[in-house]
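One structure below.
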Amino acid sequence: DDSKVNKDEL
Amino acid sequence: MNIFRFAGDMTHLISILVLLLKIYATKSCSGISLKTQELYALVFLTRYLDLFTDFISVYNTIMKLVFIASSLAVVCCMRMHRVVRRSYDKDLDTFRHYFLILASFVLALLVNEKFTFQEIFWAFSIYLEALAILPQLVLLQRSGNVDNLTGQYVFFLGAYRAFYILNWIYRYFTEQHFSRWIACVSGLVQTVLYADFFYYYFISWKNNAKMQLPA
């Protein structure tokens with residue numbers, strides 16, 4: 001889902 | 001992964017290594033705000049809750065562990081080490097950082113991507129990171145002069161944020177679904193907070209003088 005996709009940054 | 005983000009992560013790592021170097025080499029933590037270090041440790045602990053649940057990449061996991069370990073190492077060293085702790089500017093580092101924690105948490109409850117435990121703590125860590133440098137900047141303002149390593153520490157932290165802003169601009173134009181507006185807005189606020197410090201840092205570097213912040 002969208003919020004997971006955006007958690008690839010530190 | 002793009003070069004801006006990688007450069008940002010590396011300068012972030014360098015900033016923490018510079019701090020550890022300063023403390024171990026000089027056996028002193030004068031000019032360093034323990035409160036800022038505690039806030040950063042809290043930022044990493046609340047942001048990386050997904051460390052063991054969501055595997056993104058080896059790089060991502062290793063860097064998360066390094067950031068958590070190094071930020072805790074600085075806090076423990078400043079609190080426990082019998083020589084280092086004596087040089088802590090206790091009477092200068094008086095910023096009421098609990099307000100920063102409370103404000104960030106309230107804002108995270110109101111503004112988050114999803115009202116779930118993990119998302120609220122993620123948003124909390126993003127807001128707190130933007131404010132975490134304040135006790136350090138206030139301490140530098142009060143102590144008047146900035147020794148080289150502390151100045152470089154804040155400089156690398158600012159560079160890390162600046163690279164991340166370039167990373168977000170890059171991703172905005174290259175990825176259709178990219179929308180990290182919470183991190184972008186908070187990151188911009190954080191970079192603005194550094195701007196005045198950079199101004200004085202650049203002035204002192206240009207005049208090749210010891211950096212003096214206006215009292």
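- Dense packing is recorded around CZ of B/Phe55, with more than 12 heavy atoms of other residues, nucleotides or ligands lying under 6.0 Å away.
- Heavy atoms of B/Asn60 lying under 4.5 Å from chain A belong to its backbone as well as its side chain.
- Contacts with chain A were tallied for B/Arg5, B/Met63, B/Met1; B/Arg5 has the most, counting heavy-atom pairs under 4.5 Å.
- A salt bridge is absent between B/Arg180 and B/Glu113; no separation between the charged side-chain nitrogens and carboxylate oxygens falls under 4.0 Å.
- Only the side chain of B/Tyr48 comes within contact range of chain A, with heavy atoms under 4.5 Å apart.
- Between B/Arg47 and B/Glu129, some side-chain heavy-atom pair lies under the 4.5 Å cut-off.
- The pair B/Asp93-B/Arg142 does not count as a salt bridge, with every side-chain nitrogen at least 4.0 angstrom from each carboxylate oxygen.
- Between chain A and the options B/Phe44, B/Phe67, B/Trp168, heavy-atom pairs under 4.5 Å are most frequent for B/Trp168.
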